[in-house]
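Before any comments, here is the structure.
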2 protein chains.
Amino acid sequence: MKSEKIKVIVVDDHPLVIEGLRTSLGEDDSIEVIKCFNNAADLFSSLKIIITNVIVLDVNLPDMNGVEVCKKITKKHPHIKIIGLSTYNNPSIVKQMIKNGAKGYLLKNVTSKELVTAIHQIHKGQSYFSGEIHTILADSIFNTNAIPKLTRREKEILILVSEGITTPQIAKKLVISPLTVETHRRNLIQKMGVTNAAQLVKIAIEQKLI
Amino acid sequence: MKSEKIKVIVVDDHPLVIEGLRTSLGEDDSIEVIKCFNNAADLFSSLKIIITNVIVLDVNLPDMNGVEVCKKITKKHPHIKIIGLSTYNNPSIVKQMIKNGAKGYLLKNVTSKELVTAIHQIHKGQSYFSGEIHTILADSIFNTNAIPKLTRREKEILILVSEGITTPQIAKKLVISPLTVETHRRNLIQKMGVTNAAQLVKIAIEQKLI
DNA sequence: CAAAAAATACCTGTAAACTAGTAGAAAATT
DNA sequence: AATTTTCTACTAGTTTACAGGTATTTTTTG
């Protein structure tokens with residue numbers, strides 16, 4: 001006799017992906033997709049009344065940052081296992097997801113078969129990471145590059161810098177001293193471990209800070 | 001009596017998206033998904049023997065640039081209508097796709113309903129663009145910002161600039177005068193219509209030049 | 001081969017960016 | 001309420017970037 005089905009919730013803003021997940025997971029007898037959501041808000045309002053085992057979570061949602069969603073789920077519903085899903089393998093995001101409770105992480109180019117395996121494994125209490133992700137994690141064991149945390153003001157100035165606005169102009173815009181802007185610039189360059197504004201912008205975009 | 005079904009080929013490297021497209025389009029009686037491919041190579045080898053009406057083409061394929069694929073299909077099979085599909089709305093790519101024969105363009109957050117509408121409309125000989133894409137096209141009518149063509153040397157220097165390397169260092173590396181590097185920098189800034197290196201890097205990344 | 005485009009290099013001057021150290025006031029956090 | 005972080009601001013000096021113009025050589029293309 002079969003045991004109870006694994007309850008899965010899918011969160012992704014692409015209807016086509018949801019449809020794909022529904023179909024693929026529906027083919028497995030031991031998995032039941034109980035709900036699908038396009039955004040984080042709908043997910044959270046439903047989590048108050050619905051019980052699930054696993055959440056397949058797209059990291060790029062329209063209304064909320066994937067890492068934040070993960071954090072919130074883990075905090076309020078620690079029993080729910082989360083599998084992250086994204087198109088590109090951005091190391092810093094993958095690490096943040098895992099740090100915030102994700103038990104698995106896959107790229108969107110996975111086969112449905114692999115996804116089914118992942119869900120089973122995670123439901124059993126194990127973890128699951130696809131090949132590329134595994135490499136990232138292995139690298140980061142040696143390469144302890146912590147993600148630098150920027151303050152609100154720093155992020156603000158970072159964006160303005162990336163738009164080609166100069167220090168004096170930024171100062172005028174924010175109604176602060178140019179000397180202060182220079183300080184923020186300096187801190188940004190230091191925190192991100194870069195040598196100048198050009199590289200700062202590049203790294204910031206890579207890190208998805210802009 | 002119903003007329004013949006519209007033959008559709010789907011090309012996308014994400015199995016989940018293909019599954020979603022298959023299911024969604026399969027629900028429409030007048031559309032028939034005759035084949036699906038994960039990459040451009042398989043598509044082209046099949047196009048020699050298979051006849052189709054419409055190709056739904058993901059722009060980010062593993063083996064070939066979406067724009068190139070589009071160009072090649074249009075050249076060899078002018079009767080086939082192409083609908084571009086991508087996650088992000090990169091203006092320059094959308095424009096290049098249209099320039100190379102794509103009759104429609106949608107973002108991946110479309111509903112299956114909209115996609116079906118698009119396929120019908122394109123099959124009738126019209127064009128179809130989703131909301132966001134339409135905005136891009138409208139903008140580009142006034143904003144005739146042709147994609148600036150960079151020379152080999154300029155691209156080389158652009159990359160070095162984005163890596164935080166200064167003019168004197170670049171000069172040493174390339175064994176040319178710093179004055180020459182300055183000239184290239186100036187031309188880059190002028191061509192891209194930006195104000196400084198920081199913005200140059202940002203725009204270059206947006207334009208996928210880096 | 002000739003014309004066009006690209007790569008090279010120079011000059012002059014100004015403005016901005018980067019380095020380094022210091023420090024008080026305001027906000028946020030514990 | 002106390003501590004920490006963030007935001008603010010300053011001095012002073014060096015280096016780099018940016019703007020504008022000009023011009024020769026090399027490479028590419030028609």
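Order of the sequence lines fixes the chain letters, A, B, ..., with proteins taken first and strands second; residue numbering starts at 1 for each chain. This one's a predicted model, so the numbers in the text were calculated from it and none came from an experiment.
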What integer distance in Å separates [X]:[atom1] from [N]:[atom2]?
X      : N      : atom1 : atom2 : result
B/Q169 : C/dC18 : CD    : P     : 13 Å
B/E182 : D/dT15 : CD    : P     : 16 Å
A/L188 : C/dA17 : CG    : C1'   : 14 Å
B/L179 : D/dT25 : CG    : C1'   : 16 Å
A/R186 : D/dT14 : CZ    : C1'   : 14 Å
A/K149 : D/dT5  : NZ    : P     : 11 Å
B/Q199 : C/dA16 : CD    : C1'   : 15 Å
B/Q190 : C/dA6  : CD    : C1'   : 15 Å

Discussion item. I want to confirm an ordering. Mapping B/N196 and B/H184 to their closest nucleotides on DNA chain C, which one lands closer to the 5' end?
Written reply: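 First, find each residue's nearest nucleotide; the 5'-ward one identifies B/H184.
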
Response to the item:
Between B/A198 and B/R152, whichever has its closest DNA chain D nucleotide further toward 5' is B/A198

Discussion item. Both B/I189 and A/T183 contact DNA chain D. Which one's nearest nucleotide lies toward the 5' end?
Written reply: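 Comparing both residues, the 5'-ward one is A/T183.
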
Between [options], which nucleotide gets closest to the side-chain atoms of [X]?
X      : options                : value
A/T180 : C/dA9, D/dT8, C/dA7    : D/dT8
B/T167 : C/dA17, C/dC10, D/dA17 : D/dA17
A/A197 : D/dC7, D/dG21, C/dC18  : C/dC18

Practice prompt. Please check if any side-chain donor atom of B/S86 sits under 3.5 Å from a side-chain acceptor atom of B/Y105, or the reverse.
Written response: yes

Item to complete: Using only heavy-atom distances, determine whether the side chains of A/T135 and A/E132 contain a donor-acceptor pair under 3.5 Å.
Response: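 Their side chains do not contain a donor-acceptor pair, so the 3.5 Å distance test is not met.
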
Practice prompt. Would you mind checking if B/K108 and B/D12 are paired as a salt bridge, meaning a charged N to carboxylate O distance below 4.0 Å?
Written response: yes

Fill in: A/E182/A/R185 salt bridge by N-O under 4.0 Å criterion
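No, A/R185 and A/E182 are not salt-bridged.
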
Worksheet item: Between the side chain of B/E154 and the main-chain N/O of B/T151, is any donor-acceptor distance below 3.5 Å?
Response: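 Side chain of B/E154 to backbone of B/T151: a pair is present.
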
Compare side-chain N and O positions of [X] against OP1 and OP2 of [N] and report whether any pair is under 4.0 Å apart.
X      : N      : value
B/R185 : D/dC18 : yes
A/R153 : D/dT8  : yes
B/S177 : C/dC10 : yes

